[in-house]
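All remarks here apply to the structure that follows.
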Amino acid sequence: MNAEFWVAFGTGIVAAIALITSLAGAAKARVKTIEDAYITRYWQILDRFPADALVAQDGTGCAGEELKAVRLYLRLCEDELELRQLGWVGNDTWRQWRPGIQAQLNQWPVAGEWAPIRDSQRAPHQFTLLRQLDTNPDYDPYRPRRYIGRLTRKWRGL
């Protein structure tokens, strides 16, 4: 084998490494962008909660826009669990989100709206992941695909 072959081979190796590095960076950036969008959405919804809820005090009840905000919060949580299931929420972020979600499910005003949903009296075919999280404190919906497993987890920072 001559020098031309080795130069071409080396160039191909360098190009492959550059491509893999680029793909890994793009995947991490996508995960971060999604996480940031959901954090922004969280704060927008929280801004609509009753004032007492923002200092962890129990109130009397919610109606109108405040009730809508509580329901939007529950939908946001289910969406976050779905994103985690798909691998679009990293481990570090999940370790922060999970206890926050679990805490909110047990605090007013979310707890009052969550109880009939949790017990399947309302929306029995929705919020399935959120129900699992509520019954199992260590629940993590993320399951890597076998054929890409470790490599994908490293690329996405999971």
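Below, each value reflects all heavy atoms present in this structure, side chains not excepted, and no hydrogens, waters or symmetry copies.
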Name all residues meeting the salt bridge (charged side-chain N to carboxylate O under 4.0 Å, His left out) criterion together with [X]; count only those two or more places apart in sequence or in a different chain, and write none if there are none.
X: R131; result: none
X: R48; result: E65
X: K32; result: D36
X: R122; result: E113

Return the [atom1] to [atom2] distance between [X] and [Y], rounded to the nearest 0.5 Å.
X: I39; Y: E80; atom1: CD1; atom2: CD; value: 8.5 Å
X: E82; Y: R75; atom1: CD; atom2: CZ; value: 7.0 Å
X: Q102; Y: L133; atom1: CD; atom2: CG; value: 4.5 Å

[X] (side chain) donor-acceptor with [Y] (main chain) under 3.5 angstrom:
X: T93; Y: G90; value: no
X: E78; Y: L129; value: yes
X: D140; Y: Y142; value: yes

Can you name the residues that form a side-chain contact (heavy atoms from CB on, under 4.5 Å) with [X], not counting sequence neighbours?
X: N106; answer: none
X: E4; answer: N2
X: A123; answer: Q126, F127

Given side-chain contact (heavy atoms from CB on, under 4.5 Å), test E35 with V89 step by step and report yes or no. CA-CA 6 Å; E35 291 172 352; V89 173; 4.1 Å; yes

Can you list, pair by pair, the side-chain donor-acceptor contacts under 3.5 Å of residues 94-101, counting residues two or more places apart and other chains?
from: R95; atom 1: NH2; to: D92; atom 2: OD1; distance (Å): 2.5
from: R98; atom 1: NH1; to: D138; atom 2: O; distance (Å): 3.1
from: R98; atom 1: NH1; to: Y139; atom 2: O; distance (Å): 3.2

Taking all non-hydrogen atoms of both residues, which atom of P141 and which atom of L81 are closest, and how far apart?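 Taking P141 first and L81 second, the nearest heavy atoms are CG-O, 3.5 Å.
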
Stepwise side-chain contact (heavy atoms from CB on, under 4.5 Å) test for E66 and F49: CA-CA 5 Å; E66 291 176 342; F49 267 35; over 6 Å; no

Residues that W43 engages under ring pair (Phe, Tyr, Trp, His ring centres under 6.0 Å), provided they are two or more places apart: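 W43: no ring pair (Phe, Tyr, Trp, His ring centres under 6.0 Å) contacts found.
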
Does one hydrophobic cluster hold both L67 and L130, with members joined at side-chain heavy-atom distances below 4.5 Å?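 No, because L67 and L130 fall into different hydrophobic clusters, even though each may have its own neighbours under 4.5 Å.
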
